[in-house]
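Note that the coordinates shown come from a computational prediction; the quantities given were computed from them, not determined experimentally. FYI, side chains are in, hydrogens and waters are out, and symmetry mates aren't considered; it's all heavy atoms of this structure.
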Amino acid sequence: MGTQSEVMHCYEQIAPLTERMLMLARARQWGVLPALEAQCSDMVERLMAIEAQETLNQAQSGRKYRLLSRITANYAEIRSLVLPQLAKLGAVMKDQSQRQSLHQAYGQTDDVP
C-alpha cells in the first residue's frame, strides 16, 4: 500500500477527537472541550483546503464515509449535551446582569438608615 492520503489522515484525526469530546461532554468536563474543538476546527480547515485536490480510491471513499458518519453522530450528541448547558449559562448570565442593573439603580444609599 502507498502512503496514506492527507485527506484520510485528517478524517482519521478528527474522528477520535470528536469521540474524546463526546466522552468529556458526557462527563460534564466542559473546560477541556474548547481546546479539543480548536484542534478539530484546525483539522477541518486543513481538510477543506486539500480535499478537492485529492482523489480517493474506492476503499478510501468507503472509509471516509464511515468516519464521517461517526464524526457527524458524535457532533450531534455533543451538541445535545452542550446546548442545554449553554442555555443555562446564558440564563445565569442574564440573571446576574439584571441583578447588577437593579443594584446599580436601586442599591443601598448612604443616607438610608
Side-chain angles (χ1 to χ4, degrees):
M1 184 171 136
T3 61
Q4 180 181 10
S5 81
E6 192 171 355
V7 168
M8 291 308 300
H9 176 75
C10 288
Y11 281 106
E12 295 283 350
Q13 296 298 307
I14 294 168
L17 279 172
T18 62
E19 288 166 0
R20 176 135 171 79
M21 290 170 61
L22 178 55
M23 181 189 71
L24 292 167
R26 285 175 177 160
R28 299 182 168 289
Q29 295 183 3
W30 311 118
V32 185
L33 288 175
L36 293 176
E37 175 57 30
Q39 289 179 30
C40 273
S41 292
D42 290 345
M43 194 63 64
V44 168
E45 284 180 29
R46 177 69 185 142
L47 186 57
M48 288 173 34
I50 64 171
E51 191 162 25
Q53 301 167 5
E54 189 175 316
T55 303
L56 300 177
N57 64 35
Q58 189 174 6
Q60 290 171 323
S61 290
R63 176 76 176 139
K64 170 189 162 181
Y65 288 111
R66 286 189 299 278
L67 288 167
L68 196 52
S69 292
R70 281 177 36 204
I71 292 165
T72 302
N74 290 341
Y75 265 120
E77 189 172 345
I78 291 165
R79 268 192 314 277
S80 75
L81 295 167
V82 170
L83 288 178
Q85 293 302 313
L86 289 174
K88 186 186 292 185
L89 178 61
V92 168
M93 291 176 67
K94 182 179 178 183
D95 183 57
Q96 281 298 99
S97 177
Q98 288 174 341
R99 286 177 189 229
Q100 186 176 13
S101 294
L102 288 172
H103 180 71
Q104 288 174 347
Y106 303 106
Q108 278 189 323
T109 61
D110 293 329
D111 54 341
V112 175

May I ask you to test the L67-K64 pair for a side-chain heavy-atom distance under 4.5 Å?
no
In this structure, OG of S5 is separated from CD of E51 (nearest 0.5 Å) by 9.0 Å
So do L22 and L81 actually touch side chain to side chain, heavy atoms under 4.5 Å?
yes
Applying salt bridge (Lys or Arg N to Asp or Glu O under 4.0 Å), can you list everything that pairs with R46, at least two apart in sequence or on another chain?
E6
CD1 of I78 to CD of E19, rounded to nearest 0.5 Å, is 9.5 Å
R26 meets the side chain to side chain donor-acceptor pair (under 3.5 Å) criterion, sequence neighbours left out, with E77
Measuring from atom CG of N74 to atom CZ of R79, what distance do you get when rounded to the nearest 0.5 angstrom?
10.5 Å
Do any side-chain atoms of residues 28-39 form donor-acceptor pairs under 3.5 angstrom with protein atoms, and if so which ones, sequence neighbours left out?
from	atom 1	to	atom 2	distance (Å)
E37	OE1	Y75	OH	3.2
E37	OE2	S41	OG	3.1

Those residues at least two apart in sequence (or on a different chain) that pass side chain to side chain donor-acceptor pair (under 3.5 Å) with Q13 are none
Drop me the distance from M43's CE to H9's NE2, to the nearest 0.5 angstrom.
5.5 Å
Straight-line distance of I50 CD1 to E45 CD, nearest 0.5 Å
12.5 Å
List for me each residue that meets salt bridge (Lys or Arg N to Asp or Glu O under 4.0 Å) alongside E54, sequence neighbours excluded, and say none if there are none.
none
Would you please name every residue forming a side chain to side chain donor-acceptor pair (under 3.5 Å) with Q85, sequence neighbours left out?
none
Any chance the side chains of Y11 and Q60 put a donor and an acceptor closer than 3.5 Å?
no
Provide the closest heavy-atom pair for C40 versus M21 in the form atom of the first, atom of the second, distance.
SG-SD, 3.8 Å
Between R70 and R66 (side chain of the first, backbone of the second, donor and acceptor by atom type, cut-off under 3.5 Å), is there such a pair?
no
